[in-house]
Number of protein chains: 2
Amino acid sequence: MSILKKISAQLETMAPADRQIGQFIVDKPDQMLRLSSAALAVETGRSQSSVVKFSQKLGYAGYQELKLAVSEAKAQEWPAPAGMIHGTIEVDDGYLTILQKLLGSKLQAMQQTISVNNEADIEKALEALHDARRIHLAGVGASSLVARDFSYKLMKLGRNVLHDSDSHVQMANASTLGPDDLLFALSYSGASIETLRIAELASQRKATVIAVTGLQDNPLARVADIRLHTVGDEDRVRSSSITARDAQLMLTDLLFILLVQRQPDAHDYVHNSETAVSVLKAKRLS
Amino acid sequence: MSILKKISAQLETMAPADRQIGQFIVDKPDQMLRLSSAALAVETGRSQSSVVKFSQKLGYAGYQELKLAVSEAKAQEWPAPAGMIHGTIEVDDGYLTILQKLLGSKLQAMQQTISVNNEADIEKALEALHDARRIHLAGVGASSLVARDFSYKLMKLGRNVLHDSDSHVQMANASTLGPDDLLFALSYSGASIETLRIAELASQRKATVIAVTGLQDNPLARVADIRLHTVGDEDRVRSSSITARDAQLMLTDLLFILLVQRQPDAHDYVHNSETAVSVLKAKRLS
DNA sequence: GCGAATTGGAATTTTTTATTCCAATTCTCT
DNA sequence: AGAGAATTGGAATAAAAAATTCCAATTCGC
């Protein structure tokens, strides 16, 4: 039983000094934990020895043991995050609630994104990526960052990657694609004009088109040869591409890991990349 | 806040006595909480004053404050939810195992990143961001994508943001900063030369420097006025900036949400942004 | 190599915790 | 109602714990 609850239940039958000390602890456990027995005595207008005796009457060797018990009682009040809170972040939510809702939303988006894509589709995309002569990545806004992140990872593996943040350059690149090439197009809405036009052109040129897009029917999904779906709930986190981005990253990270697994010399490539970058790191100063 | 993670991250750079004391605390926090400084000294074969000094080196007034921090850290240890695995992705892992390990690693990185930053530090960073005249974002490699993502979000709120992927331009921008400005620097290692030099310059120019960096002692953390820590385990996911990036995003997303909460017209700004972008979306065809 | 800085234990001081002493109050029994 | 026993609780005291000082040894930086 929590010592805080135990004290609370006994308050009414306690003698005056004990009641005052107990009340303080129940009301302000955080503060109590920071106080010496003498300081708590001052706060309650009682004596230091009363504080120690209070502890002993509760069955503890002394004040330090009571403190430990209060600390443990408080620990049980900390909301368990395993369950996560799913909910819309509201204007008057406190810090802890926001944290939990944000983390819960991220986790839910990633989990649901995994759920809506079956292994066969992932395998198909993987096969296409593995076999592609050149991989062109397309996306705008937040999706452009995911595209760029994935392009970095593919380049680390020595793959022939085309990526540019300028959609005109993306379009020009797409015009050079052929049947041995692949377009990896990211757009949560599936309706971004630039990404859509690039996908249409790549499709016309017989390149394989992989679309990473939301579950709803959309123009990009219709153009694609392979569809990977993402689930995000933007309404809950201020509609600023947080969960949609996380869902896309979940897929690109997974594809990257699977590609690494399938490419025998992947380790060497990744290691070489790190070694190369290390010259741009400050030397250990001590 | 998790002092246990902090100690753990710093063990290798500690002197002998500190390492032994720190190791004991990390290995046996429950037991430590029951020991006096003298008893812990006996357990570790070190002196009682070393125990107190260890506490003070970590930033606490003394051993009692360290104890309190350890107690709070223990309260925030989060177990892995069902369906996820904490473990290293191996060469012969099957699809489902990879999925579970990837998701588990991502969740752990995000949870631990939340644990190692206390609300007071987040609040301090938030205050600085809110009050800054101009916000300059710096980062290279994977951190540059997080910096850009956060810059997009801040710009959506109408904030005065400086971000360029070219580190020379970043440096030039930093040379225009002043006491009313803020540098938000991201580097997991804290040792990327470009980011470090930019931070040093911003600091010289009296701008506020917020560092988002790993837990280990590093040059960037030393330059910063405000430190936000990230925890990632790159060994488990092929050392390609997956969990470190997710950890950084967790923090920037949280800061963004908190800024939105605190800016009365944030909704209008975000809504206006969506409306503006909508002209670049394909019309619904049927 | 030399001086400065750091490390870390022993000794000492200060603070905190726990116990003892004892007066006042309350409770129980006749 | 009164006397004795039990309880309450603060002041004083003793013991334990925490923190600081002193200083020798080692490491670091020039």
Side-chain angles (χ1 to χ4, degrees), chain A residues 3 7 10-26 28-72 282-286, chain B residues 3 6-7 10-26 28-72 216-219 221-222:
Chain A
I3 186 58
I7 295 172
Q10 293 179 17
L11 279 180
E12 295 192 359
T13 60
M14 283 179 181
D18 287 351
R19 186 184 296 124
Q20 268 176 293
I21 292 164
Q23 191 69 64
F24 187 95
I25 292 170
V26 164
K28 303 172 184 176
D30 283 336
Q31 194 174 342
M32 175 260 188
L33 287 174
R34 298 189 138 79
L35 299 174
S36 65
S37 56
L40 179 56
V42 169
E43 288 288 327
T44 53
R46 293 294 168 171
S47 73
Q48 181 260 333
S49 70
S50 289
V51 171
V52 175
K53 285 169 184 173
F54 176 82
S55 311
Q56 289 167 346
K57 271 183 231 171
L58 287 171
Y60 300 102
Y63 184 60
Q64 289 302 312
E65 272 198 23
L66 172 62
K67 266 178 154 184
L68 209 48
V70 168
S71 169
E72 283 162 359
K283 299 296 185 296
R284 191 167 192 82
L285 300 187
S286 65
Chain B
I3 185 60
K6 278 186 180 169
I7 295 172
Q10 293 177 23
L11 281 179
E12 293 189 1
T13 60
M14 282 179 182
D18 286 349
R19 187 184 296 128
Q20 268 178 286
I21 292 161
Q23 192 69 65
F24 186 96
I25 292 169
V26 164
K28 304 171 184 177
D30 283 334
Q31 194 175 341
M32 174 260 189
L33 288 174
R34 296 185 141 79
L35 299 174
S36 64
S37 56
L40 180 56
V42 170
E43 289 288 327
T44 52
R46 295 290 169 173
S47 72
Q48 180 261 333
S49 69
S50 289
V51 170
V52 174
K53 285 171 185 170
F54 177 82
S55 310
Q56 289 168 348
K57 271 182 229 169
L58 288 171
Y60 300 101
Y63 183 59
Q64 288 303 311
E65 271 198 23
L66 173 63
K67 263 180 156 182
L68 209 48
V70 168
S71 170
E72 283 165 1
Q216 73 288 357
D217 178 41
N218 67 68
R222 277 183 241 127

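Here is the naming used below: chain letters follow the sequence lines, and residue numbers restart at 1 for every chain. None of these values were measured; they are calculated from a predicted model.
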Distance in angstrom units between [X] [atom1] and [N] [atom2], rounded:
X       : N      : atom1 : atom2 : value
A:Gln20 : D:dT8  : CD    : P     : 15 Å
B:Met32 : D:dA17 : CE    : C1'   : 14 Å
A:Asp18 : D:dG9  : CG    : P     : 6 Å
A:Lys57 : C:dA18 : NZ    : C1'   : 15 Å
B:Tyr63 : C:dT16 : OH    : P     : 17 Å
B:Phe54 : D:dA18 : CZ    : P     : 15 Å
B:Tyr60 : D:dA19 : OH    : P     : 14 Å
A:Glu65 : D:dA17 : CD    : C1'   : 15 Å

Considering only [options], which nucleotide approaches the side chain of [X] most closely?
X       : options                : result
B:Ser36 : C:dT20, C:dT17, D:dA18 : D:dA18
B:Lys53 : D:dA18, C:dG9, D:dG9   : C:dG9
B:Ala15 : D:dG9, C:dG9, C:dG8    : C:dG8
A:Ser50 : D:dA18, C:dT7, D:dG10  : D:dG10

Inset, instruction - Give the intermediate values and the outcome of side chain to side chain contact (heavy atoms under 4.5 Å, CB included) for residues B:Gln64 and A:Gln64. - result: CA-CA 10 Å; B:Gln64 288 303 311; A:Gln64 289 302 312; 3.8 Å; yes
Inset, instruction - Look at the side chain of B:Gln56 and the backbone N and O of B:Ala61, then say whether any donor-acceptor pair between them is shorter than 3.5 Å. - result: yes
Inset, instruction - Working to the nearest 0.5 Å, report the span between CG of A:Asp30 and CD of B:Glu72. - result: 7.0 Å
Inset, instruction - To the nearest 0.5 angstrom, please state how far the CZ atom of A:Arg34 sits from the CD atom of B:Glu65. - result: 7.0 Å
Legend entry - Residue-phosphate contact under 4.0 Å: B:Ser49 side-chain N/O, C:dG9 OP1/OP2: no
Inset, instruction - Evaluate the side-chain proximity of B:Phe24 to B:Val51: yes if any heavy-atom separation is below 4.5 Å, no if none is. - result: no
Inset, instruction - Check every strand shown and say whether A:Gln56 touches a base, only sugar-phosphate, or nothing at a heavy-atom separation below 4.0 Å. - result: sugar-phosphate
Legend entry - Which residue lies more 5' along DNA chain C, comparing B:Gln48 with B:Gln64 via nearest heavy atoms: B:Gln48
